[in-house]
Amino acid sequence: MYDLIIIGSGPAGLCAAIYGKRAGFETLVLEKLPMSGGQVLNTWEVDNYPGLPGLNGFDLGMKFREHAEKAGAVFAEADVTGLTDGPEYKLVHTTEGDYEGRAVIIAAGASHRRLEVPGEERLAGRGISYCATCDGAFYRGKTVAVVGGGDVAAEDAIYLSRLCEKVYVVHRRNALRAAGSLQQRLFSLPNVEMIWNSTVEEILGGQRVEGLLLQDKGTKMSRHLAVDGVFIAVGIVPDSAAFAGVVETDEAGYLKAGEDCATNVPGIYAAGDVRTKPLRQIVTAVADGANAVASAETWFLTQRMEVS
Ligand code: NDP
């Protein structure tokens, strides 16, 4: 029996682990992969984490993990399949068996959204990628397209511009939603070309990606764009399916919780990208980790629950 079970080891989960141990809780972190850090690991350069400008995302993820380990959190590799709320404790169901916890913080994060166009499934892994820092090196000296207009699309295009001969950014509107500083950097790159107001109708190719079929939303004209690879960066979907029957979600599947991270179920908290919130950043994820633990502490007090 743990005082606190944290599901997920991205910035929110790892910060919750540090705060959990500091609060004196027996703390278990369940992670799906043998690697902590979450989406941060796929970020080449994190430029908006205070005090550490320009730090590599992988290094930041490792630092978070080291800190949580040093604080004394216990880690276990297990894929969480469900959660049962009980009067005395919560039961976290995983592929490796069940774990009992007095409180649970769900920091399961989010996954890449698919474009859902013809060719995406057939050519998966053969010229289609959802992670520029993981796969960018395969496209050295080649021509690629990035699809999307958010922070990730802009970061990916900037990163790929250093490796690739040519980078197209295909966006469905005529303005990016990426941060202004990223846009400035992106627009200054000579080998990046924006293709505005365009949607990807199909990803084309035989054995590998050879191009994209694009449609201009204004003129409705279609065109073929020859590329060696496509990086899809059209947002994220919350990894909340395992909890949807227990914790209230919004229409997009995010777990409903405010700044205190408290869900509708007492003793269950949602932190980081899986929570309903206006700004999903590393700083807001780590803030959630701290807030969720503070809320759990208060709840323990009101329950007069003894912690280990
Ligand atoms: P966002 O949701 O911010 O952006 C998704 C982009 O994809 C939007 O431009 C959207 O278009 C476009 N899009 C969505 N669906 C489709 C579709 N079906 N076809 C074509 N285009 C589509 O997602 P990101 O992955 O960029 O970022 C996820 C979160 O992570 C954001 O909150 C972001 O701020 C955060 N982040 C934080 C970082 C940090 O803290 N350093 C770094 C990177 C990301 P439209 O604009 O028209 O809606």
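First listed ligand is number 1; within each ligand, the first listed atom is number 1. In what follows, residues are counted from 1 in the order of the sequence shown. Small disclaimer: the values here were computed from a predicted structure and weren't measured.
Near Arg173, the atoms of ligand 1 lying under 4.0 angstrom from a non-hydrogen atom of the residue are 45 (P), 46 (O), 47 (O). Within the listing of ligand 1, atoms 39 (C), 40 (O), 41 (N) sit less than 4.0 angstrom from a heavy atom of Asn48. For ligand 1 and Ile282, the ligand atoms under 4.0 Å from any heavy atom of the residue are 40 (O).
Here the CG-CG distance, from Asp59 to Leu41, works out to 10.0 Å after rounding to the nearest 0.5 Å.
Considering only non-hydrogen protein atoms, atom 34 (O) of ligand 1 sits nearest to Asp151 OD2, 2.8 Å. Considering only non-hydrogen protein atoms, atom 38 (C) of ligand 1 sits nearest to Gln281 NE2, 3.9 Å. In terms of protein heavy-atom proximity, atom 1 (P) of ligand 1 is nearest to Arg177 CD, 4.1 Å. Scanning the protein heavy atoms around atom 19 (N) of ligand 1, the nearest turns out to be Leu115 CD1, 3.6 Å. Among protein heavy atoms, atom 14 (C) of ligand 1 sits closest to Val234 O, 3.1 Å. Ranking the protein heavy atoms by distance from atom 2 (O) of ligand 1 puts Gly235 CA, 4.0 Å first. Regarding atom 30 (O) of ligand 1, its nearest protein heavy-atom neighbour is Arg280 O, 3.5 Å.
Under a 4.0 Å N-O distance rule, the pair Arg122/Glu202 does not qualify as a salt bridge. Here Arg22 does not pair with Glu297 in a salt bridge; the nearest charged N to carboxylate O distance is not below 4.0 Å. A salt bridge links Asp288 with Arg275: the distance from a Lys NZ or Arg NE/NH1/NH2 to an Asp or Glu carboxylate oxygen falls below 4.0 Å. Between Glu69 and Arg65 a salt bridge is recorded (basic side-chain N to carboxylate O distance below 4.0 Å). Comment: Glu193 engages Lys166 in a salt bridge, judged by a side-chain N to carboxylate O separation of less than 4.0 angstrom. Under a 4.0 Å N-O distance rule, the pair Asp3/Arg102 qualifies as a salt bridge.
A cation-pi geometry, defined here as NZ or CZ lying under 6.0 Å from the six-membered ring centre and within 45° of its normal, holds between Arg114 and Tyr130.
Partner Ile7 forms a side chain to side chain contact (heavy atoms under 4.5 Å, CB included) with one of Val274, Leu28, Val80 and no other, that one being Val80. Only one option out of Ile195, Val117, Val227 pairs with Leu212 in a side chain to side chain contact (heavy atoms under 4.5 Å, CB included); it is Val227.
Considering backbone and side-chain atoms together, Glu155 places no N or O closer than 3.5 Å to any N or O of ligand 1. The shortest N or O to N or O distance between Gly149 and ligand 1 is under 3.5 Å.
The shortest heavy-atom distance from Thr43 to ligand 1 is not under 4.0 Å.
Considering each of Arg113, Arg172, His171, the one bringing a non-hydrogen atom nearest atom 18 (N) of ligand 1 is Arg172. Comparing Val46, Val152, Leu60 by heavy-atom distance to atom 27 (O) of ligand 1, the nearest is Val152.
With a 4.0 Å heavy-atom cut-off, ligand 1 is reached by the backbone of Ala233 but not by any atom from C-beta on.
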